[in-house]
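Excluded from the calculations below are hydrogen atoms, water molecules and symmetry mates; all remaining heavy atoms, backbone and side chain alike, are included. In listed order, ligands and their atoms are each counted from 1.
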Amino acid sequence: MTVTKDIPQLAIIIPCYNEEACVKQTTERLLEVLDTFINKGIIKNSSYLFFIDDGSKDLTWPIIEEMHSKDTRVKGTKFIRNFGNQKALMAGLESVREIGCDCVVSIDADLQQDEWAIEKFIEQYRNGYDIVLGIRNDRKTDSFFKKTTALMFYKTMNLLGANIPQNHSDFRLISKRTLDIMELYPEKLFFLRGFFHEVGLPTTYVMFDVKQRMAGTSKFNFSSLMGLALNGITSYSIIPLRFVAVLGFFMALFGFAVGVETIIEKLFWHNSPNGWATTIVLLAAFGGIQLFCLGIIGEYVGQLYREVKSRPRYIKDKELR
Ligand code: UDP
Ligand code: MG
């Protein structure tokens, strides 16, 4: 594409949860990135940073306030409690849409992603792309466990028809136009990565190298990752429900065949006491399959339950603009 848009006002959003060890250094580095880009003439000098403190219990917010008092390009909001990284990202996107910007980049507070790659994001934005996804060159900084579970998740999602690029974290640029379209999606449990794939706007990729976490430890654990994955699947696709229906149909067919076979055996061969093993195997198999299917349906009921209650996605406590 060769569109060459005007120089954008850039907003960078940074979700933080107990990041007192990194947030100061991250702010300084990102301000340096803004200054460099302003000097190069690739972004407007009204560009800014927007932090979302996801209910940290440490000094993260006081540090953000201090940075704001020194430089008002450092903006942010603090949640009343921890709502999770996806909600923090949503809040960031919604806030910068209100404040105003032409495009917005999300990056982690630990700067594991290469902040200088943002230059390439902007280049692609100006070439006419609405969504620029940062793709990791590899996952060498992730644990074996995280690598495997992430791979399983992407494989499942691809099976379900969502071609979410592997090795894409939440490091991406989206345009104002994308933000406006997002507003049309009223769902509370928004699955960002699914949305960006589904919406169908011009999308491109930029490769970057992952670094080690600057300081502190990872804020994700097994249950938060599982929650993210299950929410991703249930909010994006109903294929698992169809799978349950189709499976149920074939199981019923199979059950009917076994029934017929049992009756014929009883009537013509009179050897019905045999088949203890078959009974146990069938009982166990059917029991397992039924529970599994109930579980899948339960996940969707849960999703409905949470959507119907329609609680706010997050609650802001403080805001710096
Ligand atoms: N994060 C957040 N809320 C949470 C968990 C994480 O805002 O409940 C933020 C965290 O501060 C960081 C980003 O999400 O900026 C990614 O988290 P982390 O670096 O711990 O994840 P990892 O890189 O280990 O996947
Ligand atoms: Mg990280």
Side-chain angles (χ1 to χ4, degrees), residues 11-30 33 49-64 67 74 76-96 104-115 117-118 133-154 164 166-172 189-193 208-232 313-318:
I12 302 183
I13 59 171
I14 310 108
C16 316
Y17 180 50
N18 293 338
E19 298 284 7
E20 63 179 5
C22 324
V23 71
K24 186 157 193 270
Q25 221 185 325
T26 300
T27 314
E28 285 163 358
R29 271 226 237 143
L30 290 177
V33 170
L49 310 179
F50 192 91
F51 288 86
I52 309 95
D53 181 340
D54 187 9
S56 302
K57 291 179 189 70
D58 63 359
L59 292 174
T60 306
W61 185 249
I63 297 172
I64 295 169
M67 303 301 287
V74 180
T77 188
K78 179 174 169 63
F79 284 175
I80 224 157
R81 64 164 169 87
N82 180 252
F83 282 90
N85 150 290
Q86 293 294 300
K87 304 277 170 63
L89 283 170
M90 282 301 292
L93 296 174
E94 287 174 340
S95 303
V96 299
V104 46
V105 169
S106 48
I107 191 165
D108 286 351
D110 54 12
L111 287 191
Q112 279 194 282
Q113 296 122 338
D114 177 14
E115 64 276 18
I118 296 175
L133 305 177
I135 306 284
R136 287 174 267 216
N137 281 324
D138 57 54
R139 273 183 174 267
K140 58 175 180 267
T141 57
D142 277 351
S143 65
F144 173 74
F145 173 73
K146 194 153 175 201
K147 256 186 254 179
T148 349
T149 46
L151 189 71
M152 270 162 57
F153 174 67
Y154 287 114
I164 300 173
Q166 257 179 51
N167 293 339
H168 166 53
S169 51
D170 284 308
F171 185 35
R172 69 174 87 81
L189 295 162
F190 203 82
F191 182 55
L192 284 165
R193 292 178 212 181
F208 72 91
D209 282 322
V210 196
K211 296 176 275 183
Q212 286 296 340
R213 196 173 224 287
M214 189 195 285
T217 51
S218 176
K219 305 295 181 280
F220 279 105
N221 54 34
F222 178 69
S223 77
S224 56
L225 285 174
M226 270 301 275
L228 186 66
L230 279 176
N231 176 37
R313 281 186 186 132
Y314 48 80
I315 300 165
K316 288 178 183 175
D317 186 16
K318 293 175 187 144

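Closest to atom 8 (O) of ligand 1, if we only count protein heavy atoms, is Asn82 ND2, 3.1 Å. Remark: minimum distance from atom 17 (O) of ligand 1 to any protein heavy atom is reached at Phe220 CE1, 3.7 Å. Atom 13 (C) of ligand 1 has its closest protein heavy atom at Asp108 OD1, 3.5 Å. At the top of the distance list for atom 22 (P) of ligand 1, counting protein heavy atoms only, stands Lys146 NZ, 3.4 Å. Closest protein heavy atom to atom 20 (O) of ligand 1: Lys219 N, 2.5 Å. Protein heavy atom nearest atom 23 (O) of ligand 1, with residue, atom name and distance: Gln112 OE1, 2.6 Å. Closest to atom 14 (O) of ligand 1 among all protein heavy atoms lies Asn85 ND2, 2.9 Å. Atom 18 (P) of ligand 1 has its closest protein heavy atom at Arg213 NH2, 3.4 Å.
Atoms of ligand 1 lying under 4.0 Å from any heavy atom of Cys16, numbered from 1 in the order shown and given with element: 7 (O), 11 (O). Atoms of ligand 1 lying under 4.0 Å from at least one heavy atom of Pro15, given by number and element, are 7 (O), 9 (C), 10 (C), 11 (O), 12 (C), 15 (O). If you number the atoms of ligand 1 from 1 as listed, the ones under 4.0 Å from a heavy atom of Glu19 come out as 10 (C), 11 (O), 12 (C), 15 (O). Atom numbering of ligand 1 starts at 1 in the shown order; those under 4.0 Å from a heavy atom of Asp54 are 2 (C), 3 (N), 4 (C), 7 (O), 8 (O). Short contacts between ligand 1 and Gly84, defined as distances under 4.0 Å to a heavy atom of the residue, involve ligand atoms 3 (N), 8 (O).
Side-chain contact check for Asp170 and Gln113: no donor-acceptor pair (N or O, by modelled atom type) lies under 3.5 Å. Inspection of the Lys146 and Ser218 side chains reveals no N or O donor paired with an N or O acceptor under 3.5 Å.
Using a 4.5 Å heavy-atom threshold, the side chains of Leu30 and Ile107 count as touching. In this structure the side chain of Arg29 reaches within 4.5 angstrom of the side chain of Gln25, judged on heavy atoms.
In summary, Ser218 places no N/O/S atom under 2.8 Å from the Mg ion (ligand 2), failing the contact criterion. With 2.8 Å as the limit, Asp110 counts as an N, O or S neighbour of the Mg ion (ligand 2).
Taking all atoms of both residues into account, the shortest heavy-atom contact from Ile14 to Asp108 is CG2-C, 4.0 Å. When all heavy atoms of Phe208 and Gly134 are compared, the pair lying nearest together is CE2-C, 3.5 Å.
At a 4.0 Å heavy-atom cut-off, ligand 1 does not touch Ile52 at all.
In terms of polar-atom proximity, Thr217 is not counted as a contact of ligand 1, lacking any N or O under 3.5 Å from an N or O of the ligand. Every N/O-N/O distance between Ala88 and ligand 1 stays at or above 3.5 Å.
For Arg81 and Phe79, the positive end is not near the middle of the six-membered ring at less than 6.0 Å and at most 45° from its axis.
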(Q) Assess the residue pair Arg213 and Glu19 against the criterion (salt bridge (charged side-chain N to carboxylate O under 4.0 Å, His left out)); give the C-alpha distance rounded to whole Å, side-chain angles, the decisive distance to 0.1 Å, and a yes or no. (A) CA-CA 11 Å; Arg213 196 173 224 287; Glu19 298 284 7; 3.0 Å; yes

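Side chain of Asp209 to main chain of Asp114: no donor-acceptor pair is present (N/O by atom type, distance under 3.5 Å, no hydrogens or angles). No donor-acceptor pair closer than 3.5 Å links the side chain of Asp54 to the backbone N or O of Ala88. With hydrogens and angles disregarded, a donor-acceptor distance shorter than 3.5 Å links the side chain of Lys78 to the backbone of Ser56.
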